[in-house]
Amino acid sequence: MTANSLIAAAASLQRLEGVAGVILFKGRNTVHKQMPFSDGRALDLQETISQMVDGYRQVRRKMRQLYLEFDGGTLLIIIQDESVLVMLLTARADADLVASAASVLMSDHALMLTQLPSDTPTTPAKTSDGIEELVVTSPLRIQEMNEKAEPLVNNWGQVRKVVESLLGKVMGRAQVGNLIDRTLEKRSTPDPYRLPVSEVRKLAISLIEYVPNTAKRQALLSELEPQLSELLP
Amino acid sequence: MPPDPGLIKLDTASGRETISGGEADSAQRFTSEVKYVSYFAQKLADTLGMRQLTLGIVEDREGQTAFRASSSGWHGAVSSNRRSLWQVRETLQRG
């Protein structure tokens, strides 16, 4: 797990309804900051919250969370050891849901948070293999990171069922299964669920094309096409 | 559901503070909690461009302290039970 995964997780809190801003920090190290106002104002906010939390720490109080409802919005602050997660909520937020999600995030990344420095890092973070770790906090980059992190999962399961059903009209069930498995092996496709949609379409057509009888093959291909259009838009 | 903890009131009139309700320990804790949080909350409100704190819920490992602004000061409760934020808000609105 890297700091990038922590940043992406913190940023994803903002997808919850009514979460207008998020700051995650540890001491003077701002891990993630995305507030609907200037950086300077966000820094002032962080500074005041930091002083407040430090006060609790000095008297050895193990704080969990602070819920501060103002006339124009709410601050929800989740505290775990030295790490502080601040969320600015609007009236539309379900504060319990947000608090629960934020607590789970802090818990899931507890080890990473413990290892993070409390001071602003002066050199770029490096991973165990010595490669510099890219830590980005701009919304556009976070969006890009999230998109890249999304696993590519296509509709192969449904497509396979359609192909099995069509080929089942001209050959036995076991033969169909073997044919599909052999084809996947031949194409060196370790996980057909991660193929791009265009490749899944090609794969399905290539399986039907194994039918030697031209008339039957054409009939099956014409049956396949509308189903592929529905499953692979 | 556990019974609602006793309501504590911290009233301010002509610069004088009076505390009523709750047990002595709870009342003392309530007062110090409200003062500490409202001091920082005013700074936070200024930063956020808001006017004032209207409700606060402070939770540590030992329990919750909740308070709501009233016309004469603050009212709320100290509880060793952990209740949902929604539940605490509802209780304070009734109190």
Side-chain angles (χ1 to χ4, degrees), chain A residues 18 20-21 23 35-81 84 86-103, chain B residues 1 25-26 28-71 73-95:
Chain A
I23 305 178
M35 278 287 174
F37 37 73
S38 70
D39 279 1
R41 195 173 284 264
L43 200 64
D44 288 347
L45 189 75
Q46 181 179 328
E47 186 64 36
T48 306
I49 291 169
S50 189
Q51 285 171 12
M52 188 178 183
V53 173
D54 280 348
Y56 288 121
R57 208 171 281 133
Q58 279 166 18
V59 293
R60 298 185 189 282
R61 271 188 77 182
K62 299 276 187 186
M63 301 306 294
R64 277 187 175 158
Q65 72 181 29
L66 300 165
Y67 175 89
L68 305 175
E69 191 175 307
F70 297 90
D71 51 306
T74 298
L75 280 177
L76 177 62
I77 302 163
I78 309 288
I79 303 153
Q80 183 175 286
D81 301 323
V84 181
V86 183
M87 285 149 293
L88 178 64
L89 309 182
T90 68
R92 288 188 356 193
D94 177 342
D96 284 302
L97 176 77
V98 177
S100 171
S103 299
Chain B
M1 193 192 293
D25 284 354
S26 299
Q28 192 180 1
R29 179 171 173 166
F30 181 83
T31 307
S32 57
E33 201 86 90
V34 167
K35 285 184 177 176
Y36 186 77
V37 172
S38 53
Y39 168 76
F40 284 102
Q42 194 51 57
K43 287 185 167 188
L44 293 170
D46 294 342
T47 305
L48 292 167
M50 298 175 193
R51 279 184 303 165
Q52 59 180 6
L53 182 72
T54 56
L55 189 146
I57 303 170
V58 176
E59 188 179 314
D60 63 10
R61 285 190 185 174
E62 290 169 15
Q64 281 173 328
T65 304
F67 43 91
R68 185 177 194 88
S70 66
S71 55
W74 296 92
H75 71 267
V78 175
S79 168
S80 57
N81 298 314
R82 189 189 178 282
R83 297 183 300 164
S84 72
L85 296 168
W86 179 84
Q87 205 177 1
V88 176
R89 287 183 84 248
E90 288 293 300
T91 307
L92 287 179
Q93 269 165 352
R94 285 199 304 268

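Worth saying up front: this structure is predicted, and the values here are computed from it rather than measured.
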Colleague: Mind checking whether B/Leu53 and A/Asp71 have side chains closer than 4.5 Å, heavy atoms only?
Modeller: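 No; the side chains remain at least 4.5 Å from each other.
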Colleague: Can you find a pair of side-chain heavy atoms, one from A/Phe70 and one from B/Thr54, that are under 4.5 Å apart?
Modeller: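 No, every pair of side-chain atoms sits at 4.5 Å or beyond.
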Colleague: Below 4.5 Å, heavy-atom pairs only: which of A/Thr74, A/Asp44, A/Ile49, A/Leu68 has the largest tally toward chain B?
Modeller: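 Winner by heavy-atom pair count: A/Leu68.
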Colleague: Would you indicate whether the side-chain heavy atoms of B/Thr47 and A/Arg41 approach each other to under 4.5 Å?
Modeller: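 Yes, side chains in contact.
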Colleague: Could you tell me which portion of A/Ala99 (side chain, backbone, both or neither) has an atom closer than 4.5 angstrom to a non-hydrogen atom of chain B?
Modeller: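 Only the side chain of A/Ala99 comes within 4.5 Å of chain B.
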Colleague: Decide side-chain contact (heavy atoms from CB on, under 4.5 Å) for B/Leu55 and A/Tyr67; before the verdict, give the C-alpha distance in whole Å, the side-chain angles of both, and the deciding distance to 0.1 Å.
Modeller: CA-CA 8 Å; B/Leu55 189 146; A/Tyr67 175 89; 3.6 Å; yes
Colleague: With rounding to the nearest 0.5 angstrom, report the CZ to CG distance, B/Arg83 to A/Asp96.
Modeller: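 Reported value, rounded in 0.5 Å steps: 11.5 Å.
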Colleague: Please determine, among B/Glu33, B/Gln64, B/Arg68, the option with the most heavy-atom pairs under 4.5 Å with chain A.
Modeller: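 Maximum pair count with chain A is reached by B/Glu33.
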Colleague: For B/Gln28, does the CD atom sit with more than 12 other heavy atoms under 6.0 Å from it, leaving out its own atoms?
Modeller: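 No, CD of B/Gln28 has 12 or fewer neighbouring heavy atoms, counting only those of other groups under 6.0 Å.
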Colleague: Do B/Leu48 and A/Leu88 touch side chain to side chain, with heavy atoms closer than 4.5 Å?
Modeller: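 They are in contact (side-chain heavy atoms under 4.5 Å apart), so the answer is yes.
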Colleague: Residue by residue, which of residues 56-65 of chain A have a heavy atom closer than 4.5 Å to a heavy atom belonging to chain B?
Modeller: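 Within residues 56-65 of chain A, the residues that come under 4.5 Å of chain B (heavy atoms only) are A/Tyr56, A/Arg61, A/Lys62, A/Met63, A/Arg64, A/Gln65.
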Colleague: Drop me the distance from B/Leu44's CG to A/Leu66's CG, to the nearest 0.5 angstrom.
Modeller: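 With rounding to 0.5 Å, CG (B/Leu44) is 9.5 Å from CG (A/Leu66).
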Colleague: Return the OG1 to CG distance between A/Thr48 and B/Asp46, rounded to the nearest 0.5 Å.
Modeller: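 Those atoms lie 9.0 Å apart.
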Colleague: Under a 4.5 Å heavy-atom cut-off, does chain B meet the side chain of A/Ile77, its backbone, both or neither?
Modeller: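 Looking at A/Ile77, nothing touches chain B.
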Colleague: Any heavy-atom pair between the side chains of A/Met52 and B/Tyr36 that's under 4.5 Å?
Modeller: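 Side chain of B/Tyr36 against side chain of A/Met52, heavy atoms only: contact under 4.5 Å found.
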Colleague: What part of B/Val37 is in contact with chain A, defined as an atom under 4.5 angstrom from a non-hydrogen atom: side chain, backbone, both or neither?
Modeller: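 Interface part for B/Val37: both.
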Colleague: Heavy-atom distance under 4.5 Å to chain B: side chain of A/Leu76, backbone, both or neither?
Modeller: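 A/Leu76 touches chain B through side-chain heavy atoms alone.
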